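To keep things clear, I will list the structure first and then write my remarks on it.
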Amino acid sequence: MPRMRKAAAFALAYISLLSAASAETQGPYGIGRTATAAEIAGWNIDVGRDGRGLPSGSGSVTHGREVFEQQCAACHGDKGQGGVGDRLVGGQGTLATPNPVRTVGSFWPYAPTLFDYIRRAMPQNAPESLSNNDVYAVSAYILHLNGLLPAGAVLDSNSMAAIKMPNRNMFTGDSRPDVKNPPCVEHC
């Protein structure tokens, strides 16, 4: 009989523990909790191709050159020519050739996505460490190196969204029937 009592006591303790744990949890699966608006806002940093989501701030080509030299040149070369990291400059007119060179200036269709990528992923050893002003500045410098901005330019959310990238109209929609991606025909 003592063995039976021990098993019953263990089962009762186990059920009590499970009940207490589930009482403290929330949500449909019994774990976690609903994220607060502030928590969601902290992760909601995506930028649309039309510039929706670009933050306040600004950056000049001059400041971008300084930040690029400190944070980017070790991987991308001192003028964006590439190295350990991808080439960022040049390549215009090569995409239809047997040796296409895909860079920001030749391949990227929308300038705001450059800001989005730099802010999220660069520098590779410390992503999301640059201020918004630094990201605008580095974006301005890279666009300048590609001949898309003058040396004295300053980028902000409005000017960045207004840049027409050379490859903007060369992408086509996905025509597969299972992909719901309507073609953009107005204000693209």
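Here the structure is a predicted model, which means the values were calculated and not measured.
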Main-chain N/O of [Y] paired to [X] side chain as donor or acceptor, under 3.5 Å:
X	Y	answer
Thr103	Gly90	yes
Ser60	His63	yes
Gln124	Met122	no

Which atoms form the tightest heavy-atom contact between [X] and [Y], and what is the distance?
X	Y	result
Gly105	Pro166	O-CG, 3.4 Å
Ala140	Gly59	CB-O, 3.9 Å
Gly48	Pro112	O-CB, 3.5 Å
His76	Gly85	ND1-C, 3.7 Å

Side chains of [X] and [Y]: does their closest heavy-atom pair fall under 4.5 Å?
X	Y	result
Lys164	Tyr110	no
Ile118	Ser139	yes
Leu130	Gln71	yes
Val61	Leu155	no
Ser129	Pro123	yes
Trp108	Leu114	yes
Asn146	Gln92	yes

Should [X] and [Y] be regarded as members of a common hydrophobic cluster, given that ILVMFWY residues are connected when their side-chain heavy atoms come within less than 4.5 Å of each other, either directly or indirectly?
X	Y	value
Met160	Tyr117	yes
Leu148	Leu88	yes
Leu143	Leu95	yes
Val101	Phe107	no

Plane angle bin for Phe115 and Tyr136 - parallel if under 30°, tilted between 30 and 60°, otherwise perpendicular: tilted
Given Asp134, Val138, Asn132, Asp46, the one that forms side chain to side chain contact (heavy atoms under 4.5 Å, CB included) with Arg119: Asn132
Glu39 atom CD: more than 12 heavy-atom contacts under 6.0 Å: yes
Flag if over 12 foreign heavy atoms under 6.0 Å of CZ, Arg120: yes
Distance-only polar pair, side chains of Thr97 and Thr94, donor-acceptor under 3.5 Å: no
Donor-acceptor side-chain pairing of Thr113 and Asp116 below 3.5 angstrom: no
